[in-house]
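Following: one structure in structure tokens, then a few remarks.
Computed from a prediction, not measured in an experiment: that's the story for all the values here. To find a chain, count down the sequence lines: A is the first, B the second, and so on, and within it residues start at 1.
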2 protein chains.
Amino acid sequence: MSSTSLSGRSGVSLLYREVKKRLIADIQSGTVPPGGALPNESDLAKRFEVSIGTVRRAVDELVADNILVRQQGRGTFVGRLDRDRFMFQFFKIAARDGTREFPEVRLHSFSKSRASLEEANALALHGAQPVFRIENILSLKGRPVIHDQIVIATSLFPGLNKRAFEQRTGTVYELYQSDFGLTIVGTEERVRAEAAGESSARLLGLRRGEPVLRIERLALTFDNKPAEFRVSIVDSREFDYVSGAQPTA
Amino acid sequence: MSSTSLSGRSGVSLLYREVKKRLIADIQSGTVPPGGALPNESDLAKRFEVSIGTVRRAVDELVADNILVRQQGRGTFVGRLDRDRFMFQFFKIAARDGTREFPEVRLHSFSKSRASLEEANALALHGAQPVFRIENILSLKGRPVIHDQIVIATSLFPGLNKRAFEQRTGTVYELYQSDFGLTIVGTEERVRAEAAGESSARLLGLRRGEPVLRIERLALTFDNKPAEFRVSIVDSREFDYVSGAQPTA
DNA sequence: AAGTGGTCTAGACCACTTG
DNA sequence: AAGTGGTCTAGACCACTTT
């Protein structure tokens with residue numbers, strides 16, 4: 001964390017935006033690791049030479065983005081992409097009755113090849129760069145329900161291999177975060193209905209042609225840079241994709 | 001602080017929450033109509049006997065919830081549920097290439113009957129209360145793509161009839177807002193894939209059994225009270241349900 | 001008791017819109 | 001020029017957690 005002062009009110013830069021950028025930089029550089037505590041607010045105010053209110057505003061936004069977590073009386077921490085967070089921010093499949101459970105994940109295949117045109121486009125790669133392809137089968141209530149096909153550029157995940165992937169202790173995103181310093185901060189998803197293809201049908205125990213959900217998810221890191229492209233095929237006979245709502249006071 | 005109007009700091013009530021509630025009450029009562037301007041912030045501060053900062057915090061949250069809209073130099077306004085807002089907050093269907101257009105809406109049927117068990121449950125009705133049933137066909141790029149089935153309790157929409165519904169000038173939610181004082185503030189949606197039923201297939205020009213998206217949407221007003229239950233059947237061969245992303249600085 | 005975040009205040013000054 | 005929201009400050013005091 002460098003500590004020069006923040007622009008003497010000279011130009012376009014809003015102070016709280018600037019503070020926010022610096023805090024993000026500290027997270028990306030690993031200066032403050034996942035789960036680690038930030039300095040307290042008055043120290044941050046001194047370091048950045050702004051008032052506490054300005055620090056609070058920057059932190060407020062990072063909390064709203066689920067990047068930081070405040071705990072009154074304890075401190076402010078970098079959010080870990082653990083199971084709880086995965087369930088609340090990223091996993092949108094719920095049973096018909098509304099129940100939500102963490103899926104049991106089984107690795108089905110791990111390979112390396114080149115990006116298709118569509119994949120390169122989604123991941124903002126220049127040409128058919130090498131990618132890892134990972135297929136997972138996710139089970140809910142003991143039965144296979146989701147067929148995940150993950151595509152990630154090898155350049156962002158140097159040294160990743162099947163063993164490391166399989167032996168991770170937490171979520172996939174937590175692996176990205178802790179082993180490659182890559183924090184997923186949001187996703188864009190497109191959902192449609194299609195007839196089950198052969199491999200998904202076999203893996204999910206469906207007849208070919210049965211209607212399934214196809215979810216294309218682009219996972220983004222800071223500055224909206226794409227980091228992972230994932231296609232999920234979901235047997236939606238007993239499970240729904242859920243979205244939305246807005247709790248007001 | 002002279003503690004007359006807003007709780008003298010005695011207990012649980014946070015001042016900005018209290019201000020927020022009062023502002024919502026003014027919107028619900030029609031004291032400030034859709035599109036109308038709020039008093040300026042210093043006047044609000046005087047009226048509520050709080051500082052401007054506290055007013056700003058309350059307004060900040062209402063802006064975040066898309067209920068109010070700030071315009072620097074002009075004022076703060078009650079958001080109208082017009083086409084623009086509908087497109088950005090509620091309409092989640094986009095062409096495969098990402099294009100989004102406002103759908104052409106055609107009324108297919110308007111009737112009155114009693115709520116099914118599922119509908120009564122969704123709308124929090126006590127028993128099989130009377131409801132209006134409205135079916136719309138929504139077209140995109142000149143072709144029918146969405147079959148909407150709307151269910152609303154007659155008790156919330158007294159005097160609504162086919163003519164009023166058909167001759168509305170704006171969106172359905174704008175009608176709710178302007179004619180019945182009922183503001184939709186958010187939705188909960190559940191999406192799954194199913195085989196097209198007979199009527200939807202006919203209306204959308206599909207073969208029976210073709211995979212379609214089924215979207216069940218519960219639209220909520222203040223305090224998360226359910227106001228409308230809607231089932232949308234979507235021909236997703238050329239259109240997707242889109243969700244998500246999170247713009248950070 | 002000490003340290004953290006959470007709420008609230010009072011006021012200066014800036015940026016934008018309108019008459 | 002007058003009126004609006006937008007940013008930033010400096011500091012008091014409250015609520016919660018830990019030692």
(message) Do A:Arg168 and A:Phe165 form a cation-pi contact, if we require the NZ or CZ to be under 6.0 Å from the six-membered ring centre and within 45 degrees of the ring's axis?
(response) yes
(request) Mind checking A:Arg57 for me? I need base, sugar-phosphate or nothing, with any heavy atom below 4.0 Å counting as a touch. (result) sugar-phosphate
(message) Just the rounded figure in Å: distance from C1' of D:dA2 to CG of B:Asp43.
(response) 14 Å
(message) Closest approach to the side chain of A:Arg74, judged atom by atom: which nucleotide of D:dT17, D:dC8, C:dG6 is it?
(response) D:dT17
(request) Quickly, which of B:Asn136, B:Leu218, B:Val172, B:Ile215 forms a side-chain contact (heavy atoms from CB on, under 4.5 Å) with B:Arg230? Name it, please. (result) B:Val172
(message) Please tell me if B:Asn40 has a side-chain N or O lying less than 4.0 Å from either OP1 or OP2 of D:dT4.
(response) yes
(message) Without decimals, in angstroms, what is the distance between B:Asp60 CG and D:dC8 P?
(response) 13 Å
(request) State whether a side-chain donor-acceptor pair under 3.5 Å links A:Lys92 with B:Ser243. (result) yes
(message) For B:Gln71 and A:Gly73, find the nucleotide of DNA chain D closest to each by heavy atoms; which residue's nucleotide sits nearer the 5' end?
(response) B:Gln71
(message) From the set D:dG5, C:dT17, C:dG6, return the single nucleotide nearest to any side-chain atom of A:Glu41.
(response) C:dG6
(message) Measuring from the side chain of A:Val50 (C-beta onward, heavy atoms only), which nucleotide among D:dC8, C:dA10, D:dT9 has the closest atom?
(response) D:dT9
(message) In whole Å, I'd like the distance from the CG atom of B:Leu38 to the C1' atom of D:dG3.
(response) 16 Å
(message) To the nearest 0.5 Å, what is the distance between CD on A:Glu228 and OH on A:Tyr176?
(response) 3.5 Å
(message) Let's test this: given Watson-Crick or G-U wobble pairing with both distances under 3.5 Å, identify the partner of C:dA12.
(response) D:dT7
(request) Have a look at B:Thr76 and say if it touches a base, only the backbone sugar-phosphate, or nothing, with a 4.0 Å heavy-atom cut-off. (result) sugar-phosphate
(message) What is the distance, to the nearest angstrom, from the OH atom on B:Tyr16 to the C1' atom on C:dT9?
(response) 16 Å
(request) Measure the distance from CG on B:Leu68 to C1' on D:dG5 and round it to the nearest whole Å. (result) 13 Å
(request) Under a 3.5 Å limit for both distances, which nucleotide forms a Watson-Crick or G-U wobble pair with D:dT18, could you say? (result) C:dA1
(request) Looking only at side-chain atoms of B:Thr54, point me to the closest of C:dT18, D:dC8, C:dT9. (result) C:dT9
(message) So if I take every side-chain heavy atom of B:Arg56 and compare against D:dG5, C:dT9, C:dT17, which nucleotide ends up nearest?
(response) D:dG5
(message) Donor-acceptor pair, distance only, cut-off 3.5 Å: does the side chain of B:Glu61 make one with the backbone of B:Tyr16?
(response) no
(request) Figure out the CZ/C1' separation between A:Arg70 and D:dA15, and round it to whole Å. (result) 14 Å
(message) Which nucleotide wins on minimum distance to the side chain of A:Gln72, given the candidates D:dC8, C:dC8, D:dC16?
(response) D:dC16
(message) Could you tell me how far apart B:Ile52 (CD1) and D:dT7 (P) are, to the nearest whole angstrom?
(response) 14 Å
(request) Let me know the distance between CZ of B:Phe48 and P of C:dT7, rounded to the nearest Å. (result) 19 Å
